[in-house]
Amino acid sequence: MVREARLDPEVEIIWDDFHAEVNVPSEQLRQWLLTRGSGEEAFGPDPDLDLPEPGRRILAVLRKRKVDLTPEDIEVMREAITRIRELAADRPDRGAADDEWRHALLDLGHDVLVER
């Protein structure tokens, strides 16, 4: 019989909150970040290394299992939750039509056009 490892209840809450706020699948986020990070110069040999921050760190967490989280990953999740909630609360008059605001949220893995 395999037992599921018990995690700190706070980590469970952060995990759930993070995945509620980061509503873009990892591959979609990666594609978005590659587009944002491409700029005028070509990518290096490992395009994932050239992804803009903090999106690259968020993407790394999305690719992990809950039991594999490090303290650094938990901090990335906390920061992402906080920043997404702050941006969402500061919704501009134009809402999703405001590209700068929407793109700032997409950089964090949150798409305001995705219904919850």
Side-chain angles (χ1 to χ4, degrees):
M1 179 171 177
V2 177
R3 278 192 170 162
E4 186 176 320
R6 291 269 183 201
L7 293 175
D8 179 341
E10 182 183 5
V11 172
E12 295 278 357
I13 292 168
I14 293 168
W15 175 266
D16 291 343
D17 287 351
F18 175 77
H19 284 87
E21 297 298 337
V22 177
N23 63 359
V24 174
S26 61
E27 188 53 34
Q28 185 180 339
L29 176 58
R30 181 180 177 277
Q31 290 300 317
W32 169 255
L33 295 172
L34 284 170
T35 301
R36 292 285 277 182
S38 64
E40 305 231 350
E41 302 195 9
F43 290 109
D46 184 357
D48 281 351
L49 295 177
D50 297 330
L51 296 174
E53 292 292 347
R56 182 173 61 84
R57 295 180 317 173
I58 292 169
L59 183 59
V61 171
L62 284 174
R63 292 175 170 169
K64 288 191 172 190
R65 298 177 315 157
K66 194 181 333 180
V67 295
D68 295 329
L69 294 173
T70 67
E72 292 79 19
D73 296 330
I74 294 167
E75 187 56 31
V76 166
M77 292 191 311
R78 277 191 185 109
E79 289 171 6
I81 293 164
T82 299
R83 187 67 186 128
I84 290 168
R85 288 177 178 172
E86 287 172 351
L87 282 168
D90 196 24
R91 184 181 185 94
D93 292 337
R94 294 181 57 222
D98 186 307
D99 285 342
E100 184 177 336
W101 177 73
R102 182 166 180 252
H103 291 174
L105 282 163
L106 281 170
D107 289 346
L108 300 168
H110 181 85
D111 189 347
V112 296
L113 299 179
V114 172
E115 291 188 30
R116 295 180 189 225

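Positions are given from 1, in the same order as the sequence printed here. Note that the structure is a prediction, hence the values are computed from the model and not measured.
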Where is the tightest heavy-atom contact between A80 and I58, given as atom of each residue plus distance?
CB-CD1, 3.8 Å
Please tell me if the side chains of V22 and L108 come closer than 4.5 Å, counting only heavy atoms from C-beta onward.
no
Any chance CD of E86 has more than 12 other-residue heavy atoms, nucleotides or ligands included, within less than 6.0 Å?
yes
Beyond-backbone contact of L62 with H19, side-chain heavy atoms, under 4.5 angstrom:
yes
Got H110 and V24 here, is their nearest side-chain heavy-atom distance under 4.5 Å?
no
Determine, for E53 against R57, whether the closest basic-nitrogen to carboxylate-oxygen distance falls under 4.0 angstrom.
yes
Could you pull out the closest heavy-atom pair between N23 and A20, with the gap in Å?
CB-O, 4.2 Å
Distance col, row L59:CG vs Q31:CD, nearest 0.5 angstrom, shows 10.5 Å
Is any side-chain heavy atom of I74 less than 4.5 Å from a side-chain heavy atom of W15?
no
Interatomic distance, T35 atom OG1 to R30 atom CZ [nearest 0.5 angstrom]:
10.0 Å
Here the pair of heavy atoms bringing L105 nearest to A88 is CD2-N, 4.4 Å
Hits for side chain to side chain contact (heavy atoms under 4.5 Å, CB included) against R85, two or more places apart or cross-chain, chain-then-number order -> D17, E21, I81
Taking the side chain as every heavy atom from C-beta outward, state whether L69 and M77 have any pair of such atoms under 4.5 Å apart.
yes
Just so I know, are the side chains of T82 and E79 near enough to count as touching, which here means a heavy-atom distance under 4.5 Å?
no
Test side-chain contact (heavy atoms from CB on, under 4.5 Å) applied to D8 and E12, step by step:
CA-CA 7 Å; D8 179 341; E12 295 278 357; over 6 Å; no
Which distance, rounded to the nearest 0.5 Å, do you find between the OG of S26 and the NZ of K64?
14.0 Å
Heavy-atom donor-acceptor pair, R65 side chain to D68 backbone, under 3.5 Å
no
Output, in order, the C-alpha distance, side-chain angles, deciding distance and verdict of side-chain contact (heavy atoms from CB on, under 4.5 Å) for R83 and R78.
CA-CA 9 Å; R83 187 67 186 128; R78 277 191 185 109; over 6 Å; no
Tell me, which pairs form a ring-ring contact (aromatic ring centres under 6.0 Å, His included) where one or both residues lie in residues 64-109, sequence neighbours left out?
W32-H103
With sequence neighbours left out, what residues match L113 under side chain to side chain contact (heavy atoms under 4.5 Å, CB included)?
A96, R102, D111
